[in-house]
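Working notes for the structure below.
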Amino acid sequence: MGNKDGKVSFFRNEGDINSPIWVQITDFYNSIDVGLESAPVFADIDADSDLDLFVGKEDGTLSFYRNDGTKETPSWYLVSENYDSIDVGAKSIPTFVDIDADGDFDLFLGEEYGNVNFYRNTGNDTLPQWDPITAYYNSIDVGRRSSPVFADIDDDSDFDLFIGQDEGQVFFYKNDGTIYLPDWRLLNESYLFVDLGSYSRPALVDIDSDDDADLFVGEYDGNIGFYQNQATVPIPSWSMITENYFAIHADNYSAPTFADIDGDGDPDLFIGRKDGTIDFYENIGTAESAFWNLIPGEYDFLDVGTYVSPTFVDIDGDFDLDMFVGQIYGKIYFYRNDGTYQLPSWPLVSDNFESIDVGWYSVPTFGDMDSDGDYDLLVGNEEGRISFYQNEGTAQAFSFLFNTDSFDSIDVGKRSSPVLCDFDLDNDLDLFVGESKGGLHYYKNLTLNSIRGKVTDQTTPLENAVVYLSGDKEDSTFTDSSGNYAFVGLPLGNYCVFRDPATFQYCFSPLDSDTFEINFVGFTHVDEFSEQNIPQHFRLFPNYPNPFNPVTNITYFLPADAEIKLIIYNLKGEKVKELTHGFQTRGWRKVIWDGKNSQGKKVSSGIYFCKLQANQGCEIIRMVLLK
């Protein structure tokens, strides 16, 4: 990575090609310093099968470092600080691509004023010669700080063009020509980005009854944007239908939400307003084709302050929707529905629900986050983070316990506006978050629904038998009277399930199903376990416990005899201790690390990596030592 100070940071992948683990090795790679605004790119410019390095910089020129080492062990030699006298004026950002399919790299450079410079290689792949064709390639102008990159994004065997720019937008030019002669068509000035103005307030609802979530967004000007989901599978594919849905205008800072408040099978629309009121639009159309009728004064009884953020949920399990309202001072108002599902009645129960206070601009949303059958609560706030309150009660009698004011470390900058929705139809809740600059942040829920099974003594179920879980979440549970156990609400990741940590652990990664069923007979030793559950490949499993202090167990499986190394590294990539090294036969192995280095001294708290190297490959796990 380049940076403003002209240096280059190097992060080495200590994971693998599918699951990278980035470890920063240095923030001053090879002592490179180009002054200001470094922009590194690698290309084998001399066709010697190793990568050479070019660095764009503030003054518009290029520095060229030739690799005089090898592909595996580069050695950099500074050839020129003004490569081929190329100068684009200011803030050069280079990229190389064979744009004419003649077997050598051509050069494109972004620059300060938003244009793209094109230099054709009239030499060859071992000795390039640069012919400046144009400083205004394809008449492109993206504003300021153009940053081009090429990729065959549609898999049609030619390169398409993406250009970043100063304000964070990405311009997408599709190549409608050929691999030899490109023909560029601008498709999008905000690739994979919906521009929602400012103070975006998302709401998701299946407004056309086609079994996918459509998007509505309130914003600073008070209008409601409508983006229809036109995907055939649960992948975001929204098309803007209108920036002013049904010509609705709800004052500044409109906050829409949907709820079938009259029980007629279609969603009705509520819009929180800056002035402290709620506009209610009854859906007098159908579930497939909404039509809105404003009912003036229907919710004038509210008195919650300003910047109203309503949401609806059946919090007491009486089969009607209750109303919760966020507002400017960071508290939540609770109006219980004492009427019916078809005809609500709204007595104010609390103007300080569960004593929740998130500072300023509370935005509540409810969902069963832990799969225990009751609603939990997320609350956005002025600071851009999200507070999480877990419901320790039941679906009929809530009891909210503060969990964190930084849910999943999410920080969108300012004025977070969360909403939960099973967007990808995998039976768990995903999260969308609006924010002050108008962006829409999407967090996919990588949660495994459950790991379930039964413990028996040959044929008889074992009651109150303990089952352990290790990996990305540590837990234990007891079987019921039928011998059944379950771990629910698990994040997608690496796990081991076992009865006795000293004997067999059933481990798996990555997860490829919403539910795993793992059955045990007694304490299930390795030689008793069915062959179908034994890994077929070389595997290093998550350590247990993790986090640990000071001892942890490391388990691995060798499908064949092998020469192996098992080594602990710290975050800097430095070797801490070699746990084992030598020839081992096929089978399961367990090694204990006591948190000490090769000198026998206790290491400090922090993140460590365990690397298993064998002739079948290598695998790495991440371990956390806490003292």
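Because only heavy atoms are used, hydrogens play no part in the values below, and waters and symmetry mates are left out as well, while side chains stay in. As the structure is a computational prediction, the values presented were derived from the model and not from experiment.
The number of heavy-atom neighbours closer than 6.0 Å to CZ of Arg622, taken from other residues, nucleotides and ligands shown, is 12 or below. For Tyr113, the OH atom counts as loosely surrounded, since its 6.0 Å shell holds 12 or fewer non-hydrogen atoms of other residues, nucleotides or ligands. Within 6.0 Å of the NZ atom in Lys444, the count of heavy atoms belonging to other residues, nucleotides or ligands exceeds 12. Heavy-atom neighbours of Tyr136 OH from other residues, nucleotides or ligands within 6.0 Å: at or below the threshold of 12. Counted within 6.0 Å of OH on Tyr77, heavy atoms from surrounding residues, nucleotides or ligands total 12 or fewer; the atom is thus considered open. Within a 6.0 Å radius of OH in Tyr180, other residues, nucleotides and ligands contribute 12 heavy atoms or fewer. The 12-atom threshold is exceeded at CD of Glu578, counting heavy atoms of other residues, nucleotides or ligands nearer than 6.0 Å.
With hydrogens and angles left out, the side-chain atoms of Trp184 and Tyr137 include a donor and acceptor closer than 3.5 Å. Between the side chains of Asn124 and Thr126, at least one donor-acceptor pair of N or O atoms lies under 3.5 Å.
Side-chain atoms of Asn445 come within 3.5 Å of backbone atoms of Leu429 as a donor-acceptor pair (strictly under, hydrogens ignored). Not a single donor-acceptor pair under 3.5 Å links the side chain of Asp430 to the backbone N or O of Asp422. In this structure a side-chain-to-backbone donor-acceptor pair under 3.5 Å is present from Asp561 to Arg586. The closest donor-acceptor contact from the side chain of Asp594 to the backbone of Lys596 lies under 3.5 Å.
Remark: aromatic rings of Tyr569 and Phe609 are distant, center separation not under 6.0 Å.
Using a cutoff of 4.0 Å between basic side-chain nitrogens and carboxylate oxygens, Asp68 and Arg66 are scored as salt-bridged. Remark: Lys611 does not engage Glu619 in a salt bridge, criterion side-chain N to carboxylate O under 4.0 Å. Electrostatic pairing of Lys174 and Asp154 counts as a salt bridge here, judged by a charged N lying under 4.0 Å from a carboxylate O. Of the charged side-chain nitrogens involved, none lies within less than 4.0 Å of a carboxylate oxygen, so that Arg120 and Asp106 do not count as a salt-bridged pair.
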Go through the steps to decide whether Trp130 and Tyr83 satisfy the test side chain to side chain donor-acceptor pair (under 3.5 Å), and finish with yes or no. CA-CA 10 Å; Trp130 302 110; Tyr83 178 66; 2.8 Å; yes
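One finds the CG atom of Asn597 at 12.0 Å from the NZ atom of Lys602 (value rounded to the nearest 0.5 Å). Atom CG of Asp98 sits about 9.5 Å away from atom CG of Asp125, to the nearest 0.5 Å. For the atom pair Lys577 NZ and Lys601 NZ, the distance stands at 14.0 Å (nearest 0.5 Å).
What you find for Asp50 and Thr70 is that their closest heavy atoms are CB-C, 3.9 Å. Minimum interatomic distance between Gly164 and Val142 (heavy atoms only, all atoms of both residues): O-CG2, 4.1 Å. The minimum heavy-atom distance linking Ile564 with Thr580 is given by the pair CD1-CG2, 3.4 Å. Here the shortest heavy-atom pairing between Pro74 and Asn67 reads CA-OD1, 3.3 Å.
A heavy-atom distance below 4.5 Å is not found between the side chains of Trp76 and Leu78.
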